[in-house]
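The chain is numbered in sequence order, starting from 1.
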Amino acid sequence: QVERGRQFMNIKQIAKAAGVSVATVSRVLNHPENVAPKTREKIQKIIEDKEYKPNWFAQGLNFNRTKTIGLIIPYILNSTYMEIAKGVEDVALQKGYTTFMCNVEKNSRIESEYIEQLLTRKVDGIILMFSFLQEENLKAVQEDGVPIVLIGENKDIKGFNSVRVDCKAGAEGMIRNFIEYGHKTIGILYGSDPEQESRDMLEGYREVLKENGIAIEEKYIKAVDNTIEGGYLGAKKMVADGPPQAIFATSDEIAYGAMDAIKDLGMKVPDDVAVAGFGNARMSNLVEPKLTTVELPFHKMGIYGARLLFDLIDDEDKINEKPRQITLQTKQRIRKSCGHKERIGEMF
């Protein structure tokens with residue numbers, strides 16, 4: 001025997017069951033203090049028994065809140081972005097909010113269109129992950145009274161509450177490790193996005209080499225697409241000019257491609273060329289050799305970003321206060337690919 005699904009009632013059916021008007025039920029939902037106690041209790045009991053769910057949009061019009069937020073995601077198939085989204089959703093659910101996730105395919109036009117749709121739906125706030133928009137576009141939204149929080153840096157945007165990671169320090173730490181392991185020539189494959197974070201890592205790379213008296217050779221600096229294919233092509237070009245002893249990639253995806261290219265050229269990682277990535281994606285511990293990488297606190301980025309947004313939603317005066325910027329630190333995950341014999345911190 002097939003069990004029938006639960007039957008939910010609408011507001012008209014609630015009114016009919018209680019023997020009152022729709023307007024009276026609406027007052028119980030939105031302004032219960034204006035309804036006689038006996039009538040109010042009768043309607044509330046029917047609502048509880050039938051598990052009636054009020055229309056969220058209608059309630060939003062009454063209370064100027066829709067209990068929804070928007071989350072702009074650069075590329076939904078990227079697992080690291082989804083870890084950040086999980087952190088945002090964890091906080092939103094605790095607050096009783098629904099999250100509209102919008103995949104913008106790394107396209108500023110699509111991102112703008114989604115923001116317009118979110119504003120039309122009267123969301124209470126928007127979180128933008130590695131936004132591709134310009135600062136003036138975002139200011140126009142916030143000046144309209146909708147709080148914005150940025151997670152990650154793609155553009156050099158100031159004046160907003162944000163959560164960022166000190167990517168420069170993370171890159172510097174990995175380059176220093178390479179030098180400590182005895183590598184004298186070190187290359188970098190830096191991705192096209194996130195643009196600002198990649199620039200920070202390139203700057204850190206140059207500074208550490210300079211501090212240690214190591215020549216900066218332009219042939220060992222390659223801009224690539226932030227993909228496995230980009231890493232593969234970039235590493236092939238770099239190695240063709242005479243391989244460096246080590247390569248640092250600004251994402252794990254680029255590092256995977258670089259490792260494949262080195263193998264296809266008849267060399268071994270790390271015996272001939274050491275490799276390290278950035279991000280600590282889940283595959284990093286599954287490739288062979290296991291990838292040394294810089295771990296980013298993705299889930300924590302989402303949690304802190306959501307908390308910042310709800311602070312602004314709960315206290316509108318904070319929108320006009322000086323923006324807060326939370327900076328999180330990275331961790332080193334030392335595995336076989338970098339050539340360090342003891343591989344301290346390796347995760348199996």
**Prompt:** Looking at E135 and K139, does any basic side-chain N land under 4.0 Å from a carboxylate oxygen?
**Reply:** yes
**Complete:** d(E105 CD, F132 CZ) to nearest 0.5 Å is 10.5 Å
**Distance, nearest 0.5 Å, that separates CZ of R164 from CD of Q196** = 8.5 Å
Can you tell if the side chain of [X] reaches within under 4.5 Å of the side chain of [Y], non-hydrogen atoms only?
X: I313; Y: P147; result: yes
X: V273; Y: M259; result: no
X: Y304; Y: V91; result: no
X: R335; Y: S284; result: yes

For [X] and [Y], which heavy atoms make the closest approach, and how far apart are they?
X: Q332; Y: V294; result: OE1-CG2, 4.3 Å
X: M238; Y: I221; result: CE-N, 4.4 Å
X: T68; Y: T66; result: OG1-OG1, 2.7 Å
X: H183; Y: I186; result: O-CD1, 4.1 Å

**Message:** For Y81 and F130, take the angle between the two ring planes, folded into 0 to 90°, and tell me which bin it lands in: parallel under 30, tilted 30 to 60, perpendicular over 60.
**Reply:** tilted
**Message:** Run E217 and T185 through side-chain hydrogen bond (donor to acceptor under 3.5 Å, both in side chains) and show every step you take.
**Reply:** CA-CA 9 Å; E217 300 183 59; T185 53; over 6 Å; no
